[in-house]
Amino acid sequence: KLISLRILTWMERMRIILLALLASLNVTGCGGGSSSSSGNGDTALVNAESNGESSGEVCSDVETLASGNYDSVIAKWKTLDQIERRGPARMVAVGSSSIRYWRSLFPNFSEWDIIQRGFGGSLIWDSAQHFRSLITDHDPSVVLVFAGTNDVARERTAEQTINGVKCLIQRLESVNPELPIIYIAITPTPARWNIWDKSNAVNLEIEKLANEKSNLFFMKTAPEFLETGEPPSADLFWSDGLHLSDKGYAIWNDILAETLTEVNTSPPTLEESTFKSGDSIFMDFGPSNAEDGEQSELQEDGTFWNNWHNINGEETIYPGEHLSNLINQDGESTSVRLITRSDMSTNGKLNGGLMSPSVSDLGELAVSSATVDYLFGYKLPGAITINGLRPDAKYSLKIFSSRADSEERITRFYIPQGDETIFKDIQTSGLADTVSGGNEKNLLEFQNVTADKGGAIHLDMVPIKGDFTYLNAFVLTRDD
């Protein structure tokens with residue numbers, strides 16, 4: 001009996017030691033969380049792995065610390081994803097407004113076919129709360145995250161912000177334990193220079209965590225920005241001193257390119273384009289509600305048109321929205337997809353679309369349902385990407401852009417071509433030779449355009465005169 005008691009005592013001691021080790025491993029694996037209040041760390045870990053929900057401390061505050069302000073945006077993306085289901089994503093970029101306004105992300109990393117899910121003002125806890133619909137439902141090869149700066153600015157503690165990052169990482173790993181995650185460090189800005197020390201404390205902890213985890217990559221941004229001054233130079237930001245300018249994003253692009261070389265994955269092989277030589281794609285932008293716009297149906301000459309999703313006038317279109325498998329002139333589905341890269345809105349009949357286009361002026365784009373409505377941008381550039389193309393083919397693009405108004409407005413359209421960028425201007429409003437003042441006769445045409453190595457053509461629209469940009473319709477033709 002004594003021997004038996006001693007054996008049991010030794011076994012109990014070993015059990016206690018093993019439980020302690022398991023608990024410590026659970027803390028590390030959950031990014032700083034502890035076991036559940038019941039003391040059963042094994043159960044907490046199993047639950048986290050099975051459904052992405054943690055019963056440990058690290059994610060326990062997600063419902064409280066998430067802002068809860070983005071249900072409508074998330075719902076719109078979920079609906080769009082159900083309508084336009086894409087295959088496994090190569091990269092999902094998620095986070096706050098710096099992700100949302102990153103127009104140059106897709107053009108610089110086109111081969112990654114990025115799904116952009118930035119929502120302005122959001123917290124790291126918002127991304128953690130909606131991790132499935134934002135990220136894992138897309139089965140990404142890589143995740144790019146920028147969030148946490150708004151948490152610090154809204155007086156979340158450094159510990160709460162760090163735990164938000166850890167919670168997101170834990171939830172992503174519960175679906176794919178080996179998923180590469182790139183965390184973009186909180187970047188120093190003039191507007192939030194007074195909280196830089198607190199922000200940098202968050203950075204240091206996440207960098208430390210990245211050194212411990214093989215699938216977490218810390219994208220350090222402070223050195224390059226602080227080289228320009230403390231606080232950083234104002235020309236790296238908008239006038240608000242908070243959001244990055246094109247120069248600021250150029251720094252991010254360079255650092256991201258370097259970071260991706262460390263990630264043990266690469267973009268998949270480019271899919272074969274089914275958009276054949278001689279084919280054309282006709283695209284009608286704008287709302288589809290009867291008061292503001294119309295959808296372009298099969299034309300009398302047998303030409304099929306594509307239309308944007310069912311939306312109402314003045315409805316916002318967010319970066320990352322997409323229209324897949326555009327049809328050619330014969331109604332055949334193709335590999336071509338249209339993706340938005342900036343905030344834009346829609347309008348039409350009630351606000352100056354062209355209702356009676358002339359074939360002699362606009363040719364094949366003289367379709368009233370296409371010219372009567374439009375996408376527009378206000379003050380900020382507008383941007384779209386057309387991908388699913390062949391990098392070795394030649395394309396032409398005809399664009400119609402118009403808005404009936406007496407104020408002179410000019411939109412400049414840019415298309416990157418290798419190391420150069422071609423551009424053309426079109427006056428959309430304030431024309432003296434039309435009754436409405438809107439453009440009725442002129443098209444922009446780009447010829448001999450090539451897609452980049454990701455099979456994409458990127459089109460950016462900038463207001464040159466006035467505050468607005470417009471895009472009513474285009475036709476893309478493969479000419480080779």
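- Under 3.5 Å, the side chains of T161 and R156 contain no donor-acceptor pair of N or O atoms.
- Atom CG of D240 has more than 12 heavy atoms from other residues, nucleotides or ligands within 6.0 Å.
- Note that CD1 of I410 and OG1 of T428 are 8.0 Å apart. Values are rounded to the nearest 0.5 Å.
- Counting only N and O atoms by type, the side chains of D284 and S296 include a donor and acceptor under 3.5 Å apart.
- Annotation for I162 and A201: closest pair CD1-O, 4.4 Å, computed over non-hydrogen atoms.
- Comment: E111 does not engage R90 in a salt bridge, judged by the lack of any side-chain N to carboxylate O separation of less than 4.0 angstrom.
- Separation of atoms CG (L471) and OG1 (T411) is listed at 9.0 Å; rounding is to 0.5 Å.
- Looking at R192 and S199, their side chains never bring a donor and an acceptor atom within 3.5 Å of each other.
- Salt bridge status for E321 with K76: present, with a side-chain N to carboxylate O gap under 4.0 Å.
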Working for ring-ring contact (aromatic ring centres under 6.0 Å, His included), residues W238 and Y101: CA-CA 11 Å; W238 291 1; Y101 296 133; 5.0 Å; yes
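- Between the S429 side chain and the G438 main chain, no donor and acceptor come within less than 3.5 Å of each other.
- Each of I124, I206, I182 was checked for a side-chain contact (heavy atoms from CB on, under 4.5 Å) with V145, and the lone residue meeting it is I124.
- To the nearest 0.5 angstrom, L204 atom CG is 10.5 Å from I186 atom CD1.
- Counted by atom type alone, T228 and S233 present zero donor-acceptor pairs between their side chains at under 3.5 Å.
- A salt bridge between R103 and D460 is present, with a side-chain N of the basic residue lying under 4.0 Å from a carboxylate O of the acidic one.
- With no hydrogens or angles considered, no side-chain donor-acceptor pair links E297 and S369 at under 3.5 Å.
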Intermediate values then yes/no, side chain to side chain donor-acceptor pair (under 3.5 Å), E291 and N312: CA-CA 9 Å; E291 295 79 12; N312 297 321; over 6 Å; no
Residue pair F304, F282: steps toward the side chain to side chain contact (heavy atoms under 4.5 Å, CB included) verdict: CA-CA 7 Å; F304 285 83; F282 291 82; over 6 Å; no
Candidate pair M91 and I115, rule side chain to side chain contact (heavy atoms under 4.5 Å, CB included), full reasoning: CA-CA 6 Å; M91 180 186 293; I115 294 179; over 6 Å; no
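- The number of heavy atoms from other shown groups lying within 6.0 Å of NZ (K465) does not exceed 12.
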L354 and L362: CA distance, side-chain angles, deciding distance, side chain to side chain contact (heavy atoms under 4.5 Å, CB included) verdict: CA-CA 11 Å; L354 177 60; L362 303 183; 4.0 Å; yes
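- The pair K220-E207 counts as a salt bridge, with a side-chain nitrogen and a carboxylate oxygen less than 4.0 angstrom apart.
- Between the side chain of D292 and the main chain of N289, no donor-acceptor pair closer than 3.5 Å is present.
- Side-chain atoms of N351 do not come within 3.5 Å of backbone N or O of N347 as any donor-acceptor pair.
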Side chain to side chain contact (heavy atoms under 4.5 Å, CB included) between M283 and L338, worked out: CA-CA 10 Å; M283 184 67 213; L338 187 66; 4.1 Å; yes
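- Residues N328 and T334 bring no donor and acceptor atom of their side chains to less than 3.5 Å of each other.
- Within the 3.5 Å criterion, the main-chain N or O of I255 finds a donor-acceptor partner in the side chain of T259.
- Rounding to the nearest 0.5 angstrom, the gap separating the CG atom in L236 from the CG atom in D246 is 11.0 Å.
- Of the possible donor and acceptor atoms, one in the side chain of N439 sits under 3.5 Å from a partner among the backbone N and O of N442.
- Looking only at atom types and distance, the side chain of S358 has a donor-acceptor partner in the side chain of S360 under 3.5 Å away.
- A donor-acceptor distance shorter than 3.5 angstrom exists from the side chain of D405 to the backbone of E407, with no hydrogens or angles considered.
- Of the options L365, L444, I384, L443, a side-chain contact (heavy atoms from CB on, under 4.5 Å) to F474 is made by I384 and by none of the others.
- For E445 and Q447, the side-chain atoms include at least one donor-acceptor pair closer than 3.5 Å.
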CA sep, side-chain torsions, deciding dist, call: R100, D343, salt bridge (charged side-chain N to carboxylate O under 4.0 Å, His left out): CA-CA 8 Å; R100 178 176 179 172; D343 281 21; 2.4 Å; yes
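- Salt bridge present: R117 and D81 bring a charged side-chain N and a carboxylate O closer than 4.0 Å.
- Within the model, atoms NE2 of H138 and CH2 of W77 stand 9.0 Å from one another, a figure rounded to the nearest 0.5 Å.
- The pair K394-D479 does not count as a salt bridge, with every side-chain nitrogen at least 4.0 angstrom from each carboxylate oxygen.
- Ion pairing of K78 with D137 is absent here, as no side-chain N (NZ or NE/NH1/NH2) approaches a carboxylate O to less than 4.0 Å.
- Counting only distance, with no hydrogens or angles, the side chain of R412 and the backbone of D425 share no donor-acceptor pair below 3.5 Å.
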CA sep, side-chain torsions, deciding dist, call: F237, H243, ring-ring contact (aromatic ring centres under 6.0 Å, His included): CA-CA 5 Å; F237 304 89; H243 296 95; 9.5 Å; no
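- A salt bridge is absent between E155 and K198; no separation between the charged side-chain nitrogens and carboxylate oxygens falls under 4.0 Å.
- Using a distance-only test at 3.5 Å, with no hydrogens or angles considered, no donor-acceptor pair links the side chain of S96 to the main chain of A147.
- Counting only N and O atoms by type, the side chains of E294 and N307 include no donor and acceptor under 3.5 Å apart.
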Steps toward ring-ring contact (aromatic ring centres under 6.0 Å, His included) verdict (Y318, F119): CA-CA 9 Å; Y318 295 98; F119 41 121; 9.6 Å; no
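- Taking the six-membered ring where the residue is Trp, F218 and Y183 present parallel rings, their angle staying beneath 30° rather than reaching 60°.
- Looking only at distances, no side-chain donor or acceptor of T340 sits under 3.5 Å from a matching main-chain atom of S342.
- Residues F109 and N253 come closest through the heavy atom pair CZ-O, 3.3 Å.
- For N387 and D113, the side-chain atoms include at least one donor-acceptor pair closer than 3.5 Å.
- Relative to the six-membered ring of F446, K424 meets both conditions, a distance below 6.0 Å and an angle of at most 45° to the axis.
- Ionic pairing of D467 and R409 is not present here: no N-O contact between side-chain nitrogen and carboxylate oxygen is shorter than 4.0 angstrom.
- T371 and N472 form no side-chain donor-acceptor contact under 3.5 Å, judged by distance and modelled atom types alone.
- Within the 3.5 Å criterion, the main-chain N or O of S280 finds a donor-acceptor partner in the side chain of Q329.
- Aromatic ring pairs are classed by plane angle as parallel below 30°, tilted from 30° to 60° and perpendicular above 60°; the pair Y374 and F376 is perpendicular.
- W252 and T187 share a donor-acceptor pair across their side chains, judged by distance under 3.5 Å alone.
- Interatomic distance, E315 CD to S288 OG, rounded to the nearest 0.5 Å: 8.5 Å.
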